[in-house]
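Below is one structure, written out as structure tokens; the observations come after it.
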Amino acid sequence: MVKLAEWRGKEIFRRYGIDLPRGAVVRSPAEVAGALTGAGVPFPCVVKAQVLAGGRGKGGAVRFATNLAEAEDATRAILAMEFKGEKVREVLLEEKLAIARELYLSIALDRSQRLPVVMASAQGGVEIESVEESAIARVSVDPFPGLIGYEKRRLLAALAVSGAVARSVDGLLDQVWKVFVQEDAELVEINPLAIVGDRVVALDAKVIIEDDASFRHPEYADIRDDRTPLEEIAREKEIAFVQLDGNIGVIANGAGLTMATLDVLAEFGGRPGVFLDLGGTDDPRKVTEAFHLMAQAKPAAVFLNIFGGVTRCDTVARGLVDAMQQVPANERFPLVARIRGNNEAEGVAILQKAGVTSLPDLKESVQAVIAAAGGPA
Ligand code: GDP
Ligand code: MN
């Protein structure tokens, strides 16, 4: 998932002809004067932190300036900020437009329907999560024909636009759809989409590019993302490994079991610190690498929760034991195991021989690992 900063999203929008405020990016207050003149940004102007987190408006990361000194001061103040844990390195300066209305528009991938869904609301400018469901129109779009006439009319109605503005929005819908498809996005969000006279202007841009399409986008290769150094290594090795902020490691197989395990741990007061989804892997080399990564995350204890289905318990257990024996002694962690399913008895016996006890009961095993990690939070 490559999340693009607002200004990068807007650079894409510009290529597709979407109406935008004039603006420029700076990295120091000294660049402000030149940037404003260069981009033809008049006063009053808007000074916006380029961070990936939302809610900048409420959080003081979007400011207004009526002259150069104010713009420089706002830039200095914003560059000194850490917004929701993210250091601000870039600031976007834009002309301040007179907003008549703020709308919401997005296209996202709806994974349950396996279709892109366009969302539109006349109540923009606030987080969409806080808008009541009945005020949001959702239109699932067949990707092959793309957005068609009646779908667009439904969206225009939801946005409560008419006349020249509706014609602008109609054109915008096509442009945003093209951005979504041609740029391999999994999310394109414009909030607020502002009505300024007859114009419809994208005041904000949130674009997320699909990871699976990253090979088509070398231009994003060096964009820093929110992966930790260990997650970065895991990604290169194609291991599903995610760090959280607790102290218990979870090793499970399959996304469903992994997520359920995290939930159960949390239910009993445990704090998951890292999880590793072995998926269908029983390649001991890969499992060894995964254990090595787990060790580097320094969990207080690890819960190994395995279901033997198509890959039988004994096969998985043998792979795990092989892998564990490759891990140097100083990297071992307290381990609580639970292995259930096909050929369970053989799997349990293999683990047992390697000194790992498998507790069949989920609650019991979860409580054991929480105790091994120092007790519930
Ligand atoms: P977010 O809070 O991180 O989503 O940042 P936004 O880019 O959405 O900006 C927050 C708010 O600043 C918007 O909802 C607008 O109300 C306001 N804002 C941003 N640009 C302009 C502008 O050009 N003119 C005016 N009047 N307000 C703006
Ligand atoms: Mn916004």
Side-chain angles (χ1 to χ4, degrees), residues 3-14 18-26 32 35-36 39-68 70-71 74-75 77-79 81-108 118-131 135-136 159-161 165 168-169 172 176 179-180 185-208 226:
K3 289 187 196 168
L4 301 183
E6 175 188 8
W7 71 271
R8 287 187 196 272
K10 284 180 168 171
E11 242 174 30
I12 296 177
F13 286 0
R14 190 161 283 123
I18 293 171
D19 199 353
L20 295 166
R22 282 175 283 182
V25 178
V26 296
V32 172
L36 290 174
V41 176
F43 292 108
C45 73
V46 189
V47 184
K48 307 179 81 176
Q50 296 302 286
V51 286
L52 299 177
R56 293 169 302 166
K58 277 187 292 181
V62 175
R63 302 189 191 190
F64 303 106
T66 56
N67 56 49
L68 179 58
E70 280 181 25
T75 301
I78 287 177
L79 283 171
M81 281 176 85
E82 198 170 285
F83 189 76
K84 300 186 181 170
E86 195 180 337
K87 235 188 106 23
V88 184
R89 292 187 172 83
E90 299 161 332
V91 166
L92 176 62
L93 302 165
E94 279 186 343
E95 62 179 317
K96 185 179 183 203
L97 299 173
I99 303 176
R101 281 176 58 206
E102 293 187 318
L103 313 175
Y104 175 93
L105 179 68
S106 70
I107 307 180
V118 183
M119 289 174 45
S121 175
Q123 294 172 34
V126 294
E127 277 170 35
I128 193 65
E129 291 80 4
S130 67
V131 176
I136 306 170
L159 293 167
V161 289
V165 171
S168 302
V169 178
L172 172 84
V176 176
V179 170
F180 184 81
E186 61 178 62
L187 175 74
V188 177
E189 184 183 64
I190 307 178
N191 185 27
L193 176 66
I195 300 183
V196 178
D198 280 352
R199 289 171 64 191
V200 177
V201 187
L203 288 197
D204 194 5
K206 186 167 176 185
V207 177
I208 301 180
D226 34 20

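The figures that follow rest on heavy atoms only: side chains count, while hydrogens, waters and symmetry mates do not. Each ligand, and each atom within it, is numbered from 1 in the order the structure gives.
Taking only non-hydrogen atoms, the option from Val62, Leu193, Val46, Leu97 nearest to atom 26 (N) of ligand 1 is Leu97.
The shortest distance between side-chain heavy atoms of Pro192 and Arg101 does not fall below 4.5 Å. Side-chain contact check for Val161 versus Leu103: some heavy-atom pair is nearer than 4.5 Å. Inter-residue side-chain proximity for Val51 and Lys84 is flagged as unmet; no heavy-atom pair is nearer than 4.5 Å. Residues Gln50 and Arg56 have side chains in contact (heavy-atom distance under 4.5 Å, counting atoms from C-beta outward). Inter-residue side-chain proximity for Val188 and Ile12 is flagged as unmet; no heavy-atom pair is nearer than 4.5 Å.
Here Leu105 contributes atom CG and Glu189 contributes atom CD; the two are 9.0 Å apart, rounded to the nearest 0.5 Å.
Those atoms of ligand 1 that come under 4.0 Å of a heavy atom in Asp204, given as number and element, are 1 (P), 4 (O), 5 (O), 6 (P), 7 (O), 8 (O). Ligand-side atoms of ligand 1 in range of Glu95: 23 (O), range being under 4.0 angstrom from any heavy atom. Close approach to Gly125 involves these atoms of ligand 1, each under 4.0 Å from a residue heavy atom: 14 (O). The ligand atoms of ligand 1 that sit less than 4.0 angstrom from a heavy atom of Asn191 are 8 (O).
When the options Ile195, Val169, Val200 are evaluated for a side-chain contact (heavy atoms from CB on, under 4.5 Å) with Leu159, the one that passes is Val169.
Nearest protein neighbour of atom 14 (O) of ligand 1, counting heavy atoms only, is Glu102 OE2, 3.3 Å. Protein heavy atom nearest atom 7 (O) of ligand 1, with residue, atom name and distance: Lys48 NZ, 2.5 Å. Nearest to atom 20 (N) of ligand 1 among the protein's heavy atoms is Leu203 CD1, 3.7 Å. The protein atom (non-hydrogen) at minimum distance from atom 17 (C) of ligand 1 is Phe64 CZ, 4.1 Å. Protein heavy atom in closest approach to atom 25 (C) of ligand 1: Ile99 CD1, 3.3 Å. Counting protein heavy atoms only, atom 11 (C) of ligand 1 is closest to Gly57 CA, 4.6 Å. When only non-hydrogen protein atoms are considered, atom 5 (O) of ligand 1 lies nearest to Arg56 NH2, 3.2 Å.
Within the structure, ligand 1 lacks Glu94 among the residues with a heavy atom less than 4.0 angstrom away. Contact between Pro192 and ligand 1 is present, with at least one heavy atom of the residue lying under 4.0 Å from the ligand.
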Does the pair Leu68 and Leu36 meet the rule for a side-chain contact (heavy atoms from CB on, under 4.5 Å), with working shown?
-> CA-CA 9 Å; Leu68 179 58; Leu36 290 174; 4.1 Å; yes

side-chain contact (heavy atoms from CB on, under 4.5 Å) between Ile78 and Phe83: does it pass, once the steps are laid out?
-> CA-CA 9 Å; Ile78 287 177; Phe83 189 76; over 6 Å; no

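Between Val32 and Ala71, the shortest heavy-atom contact is CG1-CB, 3.9 Å.
Of all the heavy atoms of Lys58, none lies under 4.0 Å from any atom of ligand 1, so neither backbone nor side chain is involved.
Counting only distance, with no hydrogens or angles, the side chain of Asn191 and the backbone of Gly125 share a donor-acceptor pair below 3.5 Å.
Inclusion of Glu6 in the set of residues having an N or O under 3.5 Å from an N or O of ligand 1 is not warranted.
To the nearest 10 degrees, the Mn ion (ligand 2) sees OD2 of Asp204 and O of Asn191 at an angle of 100°.
Not one N, O or S atom of Glu189 sits under 2.8 Å from the Mn ion (ligand 2).
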